[in-house]
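Each remark here refers to the structure printed beneath this line.
Note that these values count all heavy atoms, side chains included, but never hydrogens, waters or copies made by symmetry. Small disclaimer: the values here were computed from a predicted structure and weren't measured. Every chain is numbered from 1, with letters handed out A, B, ... down the list of sequences.
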Amino acid sequence: MKNFKRHTITAALPYANGPLHIGHIAGAYLPADTYVRYLRLKGEDVVFICGSDEHGVAITLGAKKEGVTPKAFVDKYHSLMKKAFGDFGISFDIYSRTSNPVHYETAQEFFKNIYDKGIFLEETSDQYYDEQEGIFLADRYIIGTCPKCGNPNAYGDQCEKCGTSLSPRELINPRSTVSGKTPVLKPTKHWYFPLDKYESWLKEWIVEGHKDDWKTNVYGQCKSWIDQGLQPRSITRDLDWGVPVPLKDGKGKVLYVWFDAPIGYISATKELKPNDWKKYWQDPESRLIHFIGKDNIVFHCVIFPSILKAAGGYVLPDNVPANEFLNLEGDKISTSRNHAVWLHEYLQDFPGRRDELRYMLTSISPETKDADFTWKDYQSKVNSELVAILGNFVNRVMVLTWKYFDGKVPSAHELPATDDRRKKILNKYNQAHTDLNTSVKDMIAALDDFRFRESQFHMMNLCRIGNKFLADTEPWKLAKDDMEAVGSILNYALTVVGNIAIACEPFLPDTAKNIKSQLNSSAIDASWKEFWKKQQLIDPVPQNHQLGKAELLFKNIEDEEIDKQVAKLKKPKVVEEQKSESAVKPLKAQVTIDDFSKLDIRVGKVLAAEKMEKSDKLLKLTVDTGVDQRTVLSGIAKHYSPEEMVGKQVTLIANLAPRKMMGIESQGMILMAEDADGKLRLLQPNEVVNPGSTVS
RNA sequence: GGCGCGGUAGCUCAGGUGGUUAGAGCGUUGGAUUCAUAACCCAAAGGUCGGGGGUUCAACUCCCCCCCGCGCUACCA
């Protein structure tokens with residue numbers, strides 16, 4: 001690997017519309033924090049950058065639903081997340097936010113820079129504008145009469161009845177679905193970033209250049225994207241919340257959120273280092289690493305680097321160690337179903353147990369595939385690894401030293417004396433020493449390679465070897481007649497404890513501190529960073545040094561504690577205010593009873609059902625509508641199997657214009673309820689009725 | 001459906017460019033031990049390496065087909 005002078009480490013900017021859960025932590029922030037702590041311990045020059053991503057439509061909608069301004073909305077979640085990160089001990093050098101003035105300036109400069117180079121494409125088009133709401137309307141927020149078939153409720157992008165794809169301007173009598181008013185046509189200009197022009201460069205840089213050093217999941221995802229062909233991406237929006245487009249004709253427009261968000265890394269660095277931020281982003285000897293979840297791969301590997309490239313003079317990410325996802329008790333983590341372990345709640349329920357969560361999340365880190373967090377597993381990891389292996393080892397060494405030497409580090413005597421017992425001790429010592437140094441090297445090699453799970457395992461090996469060393473040498477037996485040997489053994493055991501205190505710091509910072517304080521190390525640990533340079537055991541505790549009192553590092557997690565957590569998941573709490581509200585869609589424009597009565601809604605019975613060829617979502621249903629039997633296609637394949645649909649009563653719109661999908665005509669539409677998760681459930685009468693019964 | 005990433009002991013995972021009895025930790029069982037939070041140490045049992053073909057003297061490792069999980073993408077009227 002190239003030798004870099006400094007490191008710029010970023011962790012994905014979390015979106016400021018909800019609290020953090022363990023999936024976020026395991027995906028990006030914990031690995032990033034572990035890596036950064038490691039770099040700092042090595043004495044590297046490193047900045048660790050993060051902040052809240054606070055722009056985008058989702059924020060404005062969320063704010064609207066809570067009846068607050070976007071600013072107030074993001075303020076709330078920004079401080080919530082910042083506090084949770086702080087409480088958990090993620091050691092950002094700065095946790096900033098994209099609503100900061102510095103960020104506005106930076107993002108605008110970026111835009112201007114690329115704009116001035118003439119790289120952007122500009123396109124002006126007439127778009128409908130809702131004068132009452134003062135907003136431009138996206139195509140699907142406009143309805144009107146279809147020019148082809150006369151359907152009065154065709155959407156701006158497509159008519160449901162005849163299936164023709166439309167543009168909003170073809171509609172007769174367009175209406176805004178937001179206000180119900182007639183929108184007016186206004187020209188609006190947008191800017192596009194020509195990603196396609198960077199295709200060959202991306203191929204060279206990623207497909208060829210990072211074939212071997214990027215993770216397979218990351219590389220594969222990028223290659224797939226690039227191979228599919230890239231297209232210009234619009235990077236501006238008609239919106240009043242965000243970074244204003246810094247051009248004369250950019251009034252009322254903001255930078256699209258994915259354009260401004262990654263620039264947030266740079267603005268945050270500026271905020272942190274106003275005078276020399278540039279070297280972290282522009283000096284080729286700076287190593288840029290993005291820690292993200294897999295949902296962010298293309299932005300960080302393809303789009304943002306292209307933007308950096310266009311801006312010119314910026315370093316590109318050297319690596320993007322993206323993690324897969326974390327599941328919880330066998331299910332996807334879901335905010336709306338409250339199927340999640342919220343970071344702030346964990347910290348409340350398990351005070352003083354930050355390292356336990358770190359340990360658990362690292363040991364199941366979704367580095368190569370989705371992982372599953374279970375509370376039972378958490379308990380087992382804490383009890384049988386942290387308590388039994390690490391905590392126990394440190395404790396028994398401390399207790400032995402106090403017992404035999406009043407807590408003073410005994411001297412190491414030359415042991416290879418004549419008798420066999422001492423020879424055996426020397427053998428065991430040599431064995432342990434070799435194994436320990438191997439583990440240290442393995443641990444550090446894995447850290448360099450972003451393999452944190454494995455690295456942490458090697459760290460724990462130090463404790464395993466330590467335990468074995470004690471069991472092999474049995475100092476408590478020697479105490480009867482060979483205190484010199486006991487002293488040598490404990491001297492070495494304390495050396496191991498000291499090295500563990502150093503080695504565990506990237507993974508378990510609180511534990512490191514705790515062990516150090518038990519070793520009473522404040523006066524002696526100045527040279528301990530040598531460990532990271534030499535990549536081998538150092539001699540951290542001098543003889544005669546007075547130790548502090550022994551204290552247990554970890555407590556066992558009792559069954560009741562995890563039972564409580566599991567129960568909490570099973571019984572989703574009476575959903576919290578803003579969470580449920582933000583999941584509910586806004587009301588559509590008012591209709592009259594006449595509008596409603598045009599619909600022929602009736603109950604039918606499913607006679608047959610089969611999967612559509614080549615489709616993941618569509619089921620082909622044969623429905624008895626009372627008046628006929630017909631074929632209806634429905635996008636419910638993810639939610640219902642063909643078998644369970646047969647015989648079911650369904651509600652359908654029977655007079656909807658037929659529509660061809662995947663080569664087959666659908667004659668009607670099955671009504672479904674969709675919850676916040678996107679989960680679909682059939683709408684049925686609560687008692688069986690005759691097929692053909694109408695709904696009104 | 002297309003593309004990408006995975007599918008190895010009960011659980012979490014290792015297994016460059018194919019080569020003797022497929023490994024580790026945790027769990028389980030048995031033993032030993034008492035310095036230690038019934039912890040530690042030793043040992044054993046546990047896998048037709050998702051399924052089926054093929055290439056090869058030899059495949060977990062290469063090729064083809066299929067199944068399952070996850071993600072991106074198209075069809076959800």
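In this structure, W375(A) has its ring center under 6.0 Å from that of F373(A). For Y378(A) and F350(A), the distance between ring centers is under 6.0 angstrom.
Classification of G46(B) as syn follows from a glycosidic angle within 90° of 0.
Rounded to an integer number of Å, the gap from L361(A) CG to C13(B) P is 13 Å. One atom, CG of L552(A), and another, P of A36(B), lie 12 Å apart when rounded to the nearest Å. If you take CD1 of I465(A) and P of C41(B), they are 11 Å apart, rounded to a whole angstrom. What separates CD of E474(A) from C1' of U33(B) is a distance of 7 Å, to the nearest Å. C41(B) atom P lies 10 Å from atom CG of D472(A), rounded to whole Å. Straight-line distance from the CG atom of D449(A) to the C1' atom of A14(B): 14 Å, rounded to whole Å. If you take CG of D442(A) and P of A24(B), they are 15 Å apart, rounded to a whole angstrom. Going from atom CG of L462(A) over to atom P of A24(B) covers 19 Å, rounded to whole Å.
Electrostatic pairing of E324(A) and K294(A) counts as a salt bridge here, judged by a charged N lying under 4.0 Å from a carboxylate O. Ion pairing between a basic and an acidic side chain is recognised when a charged N comes within 4.0 Å of a carboxylate O; K408(A) and D406(A) show no such pairing. The residues R353(A) and E561(A) are annotated as salt-bridged, a charged nitrogen and a carboxylate oxygen being separated by less than 4.0 angstrom.
Within the shown strands, nothing qualifies as a pairing partner of U61(B) under the Watson-Crick or G-U definition with both distances less than 3.5 Å. Pairing of G30(B), defined by two Watson-Crick or G-U wobble distances under 3.5 Å, is identified with C42(B). The partner of G23(B) is C13(B), judged by Watson-Crick or G-U wobble contacts that both fall below 3.5 Å. Base pairing analysis places G69(B) opposite C5(B); the two distances defining the Watson-Crick or G-U wobble pair are each below 3.5 Å.
Taking atom C1' on both A14(B) and G6(B), the two are 15 Å apart, rounded to the nearest angstrom. Rounded to whole Å, the C1' atom of C72(B) lies 31 Å from the corresponding atom of G53(B). The separation of C35(B) from U29(B), taken at their P atoms, amounts to 26 Å, rounded to a whole angstrom. Nucleotides C26(B) and G1(B) are separated by 41 Å at their C1' atoms, to the nearest Å. Remark: the separation of the C1' atoms in A9(B) and G25(B) is 12 Å, to the nearest Å. For the P atoms, the distance from C70(B) to G31(B) is 44 Å, rounded to whole Å. If you take atom P in G50(B) and the same atom in C42(B), they sit 31 Å apart, rounded to whole Å. Spacing between C64(B) and U21(B) at atom C1', rounded to whole Å, works out to 31 Å.
Distances shorter than 4.0 Å separate none of the side-chain N or O atoms of K223(A) from OP1 or OP2 on C5(B). For R396(A), no side-chain nitrogen or oxygen approaches OP1 or OP2 of C40(B) to under 4.0 Å. For T216(A) and G4(B), the shortest distance from a side-chain N or O to OP1 or OP2 is not below 4.0 Å. Contact check, K332(A) against G71(B): a side-chain N or O comes under 4.0 Å of OP1 or OP2. The phosphate of G7(B) (OP1 or OP2) has no side-chain N or O of T368(A) nearer than 4.0 angstrom. For A14(B), the OP1/OP2 oxygens have no side-chain nitrogen or oxygen of K369(A) closer than 4.0 Å.
Within the 4.0 angstrom heavy-atom criterion, only backbone atoms of the sugar-phosphate kind lie near S634(A); the bases stay farther away. Nucleic acid contact class of N392(A) (heavy atoms, under 4.0 Å, all strands): base. V387(A) comes within 4.0 angstrom of a nucleotide base, judged by non-hydrogen atoms across all strands. Using a 4.0 Å heavy-atom cutoff across all strands shown, I389(A) reaches sugar-phosphate atoms only and no base atom.
Mapped onto RNA chain B by nearest heavy atom, F469(A) and K403(A) fall at different nucleotides, with K403(A) at the one closer to the 5' end. Both V397(A) and K294(A) lie close to RNA chain B; mapped to their nearest nucleotides by heavy-atom distance, the more 5′-ward contact belongs to V397(A).
Residue L618(A) has its side chain nearest to C75(B) when only C75(B), C5(B), A39(B) are considered. When the nucleotides U37(B), U33(B), C70(B) are ranked by their closest atom to the side chain of F554(A), U37(B) comes out on top. In this structure, the nucleotide among C70(B), U34(B), C35(B) sitting nearest to the side chain of K477(A) is U34(B). Side-chain proximity of A388(A) to U34(B), G25(B), A39(B): nearest is A39(B). Here the side chain of S384(A) is nearest to one of C11(B), G4(B), C26(B), namely C26(B). In the set C41(B), U37(B), A14(B), A14(B) carries the atom at the smallest distance from any side-chain atom of R453(A). In the set C35(B), C41(B), U37(B), C41(B) carries the atom at the smallest distance from any side-chain atom of N467(A). Closest to the side chain of D370(A), from the set C75(B), C70(B), C3(B), is C70(B). For E385(A), counting side-chain heavy atoms from C-beta on, the closest listed nucleotide (C26(B), C75(B), C11(B)) is C26(B).
Scanning atom types as modelled, one donor and one acceptor separated by under 3.5 angstrom connect the side chain of N556(A) and the base of U37(B).
The shortest side-chain heavy-atom distance between N319(A) and H210(A) does not fall under the 4.5 Å cut-off.
Other residues, nucleotides and ligands contribute at most 12 non-hydrogen atoms within 6.0 Å of the NZ atom of K211(A). The 12-atom threshold is exceeded at NZ of K381(A), counting heavy atoms of other residues, nucleotides or ligands nearer than 6.0 Å.
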Give the intermediate values and the outcome of salt bridge (charged side-chain N to carboxylate O under 4.0 Å, His left out) for residues D482(A) and K477(A). CA-CA 9 Å; D482(A) 189 355; K477(A) 280 188 178 163; over 6 Å; no
